[in-house]
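Proteins get letters first, then strands, A, B, ... in listed order; numbering begins at 1 in each. Heavy atoms only: backbone and side chains are in, while hydrogens, waters and symmetry mates are out.
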Number of protein chains: 2
Amino acid sequence: MTKAPRNGPYICGIDAALDVVSGKWKGLVLWELHTHGIRRFAELRRALPGVSEKMLTQHLRQMEEDGLVHRTVFAEVPPRVEYSLTESGAALNEALLPLGEWGRDRIRRRGLDVVTDPDTAGAAAP
Amino acid sequence: MTKAPRNGPYICGIDAALDVVSGKWKGLVLWELHTHGIRRFAELRRALPGVSEKMLTQHLRQMEEDGLVHRTVFAEVPPRVEYSLTESGAALNEALLPLGEWGRDRIRRRGLDVVTDPDTAGAAAP
DNA sequence: TGCGGTACTTACCTTTTGGTGAGTGAGGAG
DNA sequence: CTCCTCACTCACCAAAAGGTAAGTACCGCA
């Protein structure tokens with residue numbers, strides 16, 4: 001049987017929200033799509049340092065199922081697939097902003113490591 | 001050697017924040033401590049439907065290490081241990097509020113299941 | 001005398017998650 | 001002619017997360 005779409009039962013809203021963003025790269029995908037609007041598969045892959053193709057497709061499919069991203073396939077050669085945020089995905093991103101700020105604060109206070117790669121540099125990080 | 005405290009390297013603040021709240025019950029523990037101020041171990045266990053003792057202690061220890069909760073042990077018989085939020089933990093909770101609202105919205109819109117237990121009923125859920 | 005409550009720890013097991021490396025099929029660059 | 005790019009899929013494996021059941025030491029209650 002195929003994996004059912006995540007559907008609880010949940011204990012509260014945070015529970016439901018965390019279910020949808022938990023996954024090693026989902027937060028980053030959300031942020032990348034937020035800052036760039038539309039991204040192709042390979043662009044996302046390059047933007048996420050260390051992601052495997054399998055995980056990226058897996059996460060993108062789940063996020064599509066969860067109504068967070070649009071997936072548009074162009075019947076071209078070479079193939080082209082574009083991803084962008086749905087309204088719900090954009091709202092989720094908004095809701096994640098305070099969390100990102102808390103995280104940056106925490107990194108500052110505790111002197112934690114941050115990976116800096118050329119793509120991320122220059123853009124305001126969440 | 002013991003598990004090192006979570007310390008990145010992180011790609012952004014959301015990354016760091018999600019690292020700290022990811023864990024099946026952490027969001028709920030945070031919320032429970034937020035709404036009640038101080039809770040004992042057994043109270044938390046009863047408040048989280050289905051949590052095992054092992055997971056609860058494990059999560060509480062990690063959260064203590066991460067500076068989210070205070071742990072006060074009373075050298076009494078029977079043993080008494082009280083948990084409460086640190087300043088950082090309280091700030092994290094604040095940062096989670098918009099996320100909780102997004103989650104509740106999602107539950108409403110998609111008609112997802114919610115577990116309702118007597119303890120949670122009556123309090124405003126996150 | 002035996003049970004339940006207190007806050008755990010430990011050993012063992014299953015489930016979930018993530019990573020690796022290969023294959024696909026057509027076009028464009030060298 | 002060969003390699004690279006595109007956007008995947010598939011089979012297999014390793015690690016992490018989580019669950020189960022038992023044991024600990026002491027008390028109050030019946």
Student: Nearest 0.5 Å, what's the CH2-CD1 distance between A/W25 and B/I11?
Tutor: 5.0 Å
Student: Along nucleotides 3-10 of chain D, 5' to 3', which nucleotides get a B, which get an S, and which get a -, given that the test is a protein heavy-atom distance under 4.0 Å?
Tutor: ---BSBBB
Student: Check A/C12 against B/L28 and note the closest heavy-atom contact, atom names and distance.
Tutor: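 It is SG-CD1, 3.7 Å.
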Student: Atom CG in B/D105, atom CG in A/L92: separation rounded to 0.5 Å?
Tutor: 11.5 Å
Student: Between atom CD in B/Q58 and atom C1' in C/dA7, what is the gap in whole Å?
Tutor: 15 Å
Student: So, OP1 or OP2 of D/dG18: does either fall under 4.0 Å of a side-chain N or O from B/H59?
Tutor: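 True: B/H59 side-chain N/O within range (under 4.0 Å) of D/dG18 OP1/OP2.
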Student: Just how far is it from atom NE2 of A/H34 to atom CG of A/L97, taken to the nearest 0.5 Å?
Tutor: 6.5 Å
Student: Is any side-chain N or O of A/W25 closer than 4.0 Å to OP1 or OP2 of C/dT17?
Tutor: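 Indeed not, no polar side-chain atom of A/W25 lies that close.
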Student: Can you check the B/M55 CE to D/dA16 P distance for me, whole Å?
Tutor: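 About 15 Å, once rounded to whole Å.
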Student: Do B/V69 and B/V73 land in one hydrophobic cluster if side-chain heavy atoms of ILVMFWY residues count as linked below 4.5 Å?
Tutor: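 Yes, it is one cluster - the side chains of B/V69 and B/V73 are joined through contacts under 4.5 Å.
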Student: When you compare the side chain of B/V20 with that of A/W102, does any pair of heavy atoms fall below 4.5 Å?
Tutor: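 Touching, per the 4.5 Å side-chain cut-off.
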Student: What is the distance, to the nearest angstrom, from the NZ atom on B/K24 to the C1' atom on D/dT20?
Tutor: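 To the nearest whole Å, that distance equals 13 Å.
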